[in-house]
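First up is the structure itself, then whatever we jot down about it.
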Amino acid sequence: MVGVEKYHGTGNDFIIVDADEEVPDRRAFAADLCDRETGLTHPDALKTGADGILFLALEDEYSPPRVVMTLVQPDGSVAAMCGNGARCAAKWVAERTGADVVMIDTQAGTRRAEIGDQGVTIEMGEPTFDPDRVPVDSDEPLVEETVEGLSVTVVNTGVPHAVAFVDDVTTVDVDGIAPAVRNADVFPEGANVNFAARRPDGGFDQRTFERGVEAETDSCGTGAVAITAAAERLGKVEKGERIPVHPPGGRLVVQLTEDDALLQGPVEREFAGQAALPDSQPIDTDQDTDADAIGDD
Ligand SMILES: N[C@@H](CCC[C@H](N)C(=O)O)C(=O)O
């Protein structure tokens with residue numbers, strides 16, 4: 001059995017596993033436990049399954065403490081970054097160490113997180129529209145360009161995102177529209193697909209179809225930052241403003257600075273328990289289970 005905990009950030013839910021646990025096949029483990037019908041459940045679980053598994057390697061000899069975060073998604077892919085996952089990881093470290101600042105090592109870079117009265121705030125790095133860095137198969141940034149019939153602005157906020165501004169997110173057929181955009185040839189590594197609509201409070205409603213989950217999720221932190229960055233690029237908001245972004249699972253706040261983006265919101269711990277390895281995964285104590293042992297898909 002493997003010790004697991006469950007956290008969520010505005011409904012984007014993650015199973016957290018200490019990287020010291022023996023999990024020989026992380027992809028199979030993620031597919032098994034994240035399944036929304038048959039995956040991990042518990043009396044205190046808000047939902048069966050999860051949007052991914054965070055394998056966390058705590059390095060508490062540092063001050064502030066550091067943690068190496070590896071997100072394995074339900075389809076077995078490893079995402080370079082996850083805004084809500086990183087916020088959950090920061091809270092997990094804070095609960096173990098008492099620290100209110102945590103450094104999170106991700107494949108997209110090291111990110112600083114602060115745990116406080118307003119929830120967990122993470123420095124997400126500077127969003128980029130550079131076609132080589134999103135990446136997109138184009139010489140120019142994609143700003144209000146049509147992809148598979150949808151007008152999108154494309155930005156990397158740790159992972160690639162396409163953002164479509166619409167009048168009302170509630171009427172969008174996300175499952176009908178997003179998969180073709182997510183898989184469009186112009187995105188060599190795929191893209192997450194976001195729909196955003198202006199709110200009277202100056203913020204945005206958000207719905208996101210996530211790569212790796214291959215479904216709409218209740219929240220996406222890198223998506224909230226992508227919406228705000230695209231809005232700034234299009235002159236809808238300004239740097240320095242605190243922009244409320246409302247995914248179906250709650251409320252996030254994004255603030256763009258000259259060279260960074262702050263993402264803030266609540267994080268909840270649901271439960272701790274044990275999970276069985278899939279039948280094909282006998283524990284082999286000789287196997288390497290370092291975070292690096294699993295590569296990008
Ligand atoms: N939900 C995450 C994003 C996770 C990564 C994404 N699915 C991808 O593969 O790019 C977030 O909160 O940012």
Side-chain angles (χ1 to χ4, degrees), residues 7-16 27 30-31 34 47 49-55 69-92 104 106-109 111 113 119-125 127-128 133-136 154-163 174 178-179 181-184 187-196 206-230 245-254 261-268 294-297:
Y7 281 70
H8 77 90
T10 51
N12 203 187
D13 59 347
F14 302 96
I15 297 160
I16 294 188
R27 290 184 175 91
C34 293
K47 293 179 276 189
D51 291 326
I53 299 191
L54 296 168
F55 291 93
M69 178 180 102
T70 304
L71 170 61
V72 184
Q73 308 201 83
D75 72 349
S77 63
V78 175
M81 180 52 183
C82 175
N84 287 326
R87 295 189 312 100
C88 292
K91 181 97 174 211
W92 181 86
I104 303 167
T106 77
Q107 291 177 10
R111 304 288 180 244
V120 180
T121 307
I122 183 158
E123 296 172 4
M124 296 284 286
T128 179
R133 293 178 59 203
V134 172
V136 290
V154 177
V155 58
N156 185 305
T157 56
V159 289
H161 282 272
V163 179
V174 173
V181 181
R182 177 259 180 266
N183 291 302
F187 302 126
E189 297 177 12
N192 302 282
V193 183
N194 303 271
F195 299 88
Q206 170 186 10
R207 290 179 68 189
T208 301
F209 183 97
E210 283 198 45
R211 184 182 73 160
V213 182
E214 304 308 330
E216 184 178 2
T217 54
D218 282 344
S219 178
C220 179
T222 50
V225 176
I227 288 167
T228 309
V245 181
H246 292 249
R251 179 180 186 269
L252 296 162
V253 176
V254 179
L262 304 180
L263 171 69
Q264 184 175 77
V267 169
E268 303 292 336
I294 192 165
D296 280 323
D297 275 351

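Just so it is clear, the values below take in all heavy atoms, side chains as well, and ignore hydrogens, waters and symmetry mates. Just so you know, ligand 1 is whichever comes first in the structure, and atom 1 is the first atom listed for that ligand.
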Could you tell me, atom by atom, which parts of ligand 1 come under 4.0 Å of a heavy atom of N192? 6 (C), 7 (N), 8 (C), 10 (O)
Please confirm whether the backbone N or O of M124 pairs with a side-chain atom of R111, one donor and one acceptor, at under 3.5 Å? yes
Taking non-hydrogen atoms only, is C220 closer than 4.0 angstrom to ligand 1 via side chain, backbone, both or neither? both
Any side-chain heavy-atom pair of P135 and E189 under 4.5 Å: yes
Who are the salt bridge (charged side-chain N to carboxylate O under 4.0 Å, His left out) partners of D51, not counting sequence neighbours? R36
Taking all non-hydrogen atoms of both residues, which atom of N84 and which atom of S219 are closest, and how far apart? ND2-OG, 3.0 Å
Under a heavy-atom criterion of less than 4.0 Å, does M81 contact ligand 1? yes
So which heavy atom in the protein is nearest atom 9 (O) of ligand 1, and how far is it from that ligand atom? Q73 NE2, 2.7 Å
State, yes or no, whether a side-chain contact exists between P247 and T208 at a heavy-atom distance under 4.5 Å. no
Heavy atoms of D13 and G49 approach each other most closely as OD2-O, 3.6 Å
Got a sec, which residues hit salt bridge (charged side-chain N to carboxylate O under 4.0 Å, His left out) with R251, two or more places apart in sequence or on another chain? none
Any idea which protein heavy atom is nearest atom 2 (C) of ligand 1, and the distance to it? C82 SG, 3.0 Å
Per-atom contacts, ligand 1 versus V159 - under 4.0 Å to a heavy atom: 10 (O)
Considering only heavy atoms, does T208 approach ligand 1 within less than 4.0 Å through its side chain, its backbone, both, or neither? neither
Whether N12 lies under 4.0 Å from ligand 1, heavy atom: yes
Please list the nearest protein heavy atom to atom 12 (O) of ligand 1 with its residue and the distance rounded to 0.1 Å. G221 N, 2.7 Å
Between the main-chain N or O of A162 and the side-chain N or O of N194, is there a donor-acceptor pair closer than 3.5 Å? yes
Under 4.0 Å, heavy-atom basis, I'd like to know which part of T222 is in contact with ligand 1: side chain, backbone, both or neither. both
Residue and atom name of the nearest protein heavy atom (relative to atom 4 (C) of ligand 1), distance in Å to one decimal: E210 OE1, 3.3 Å
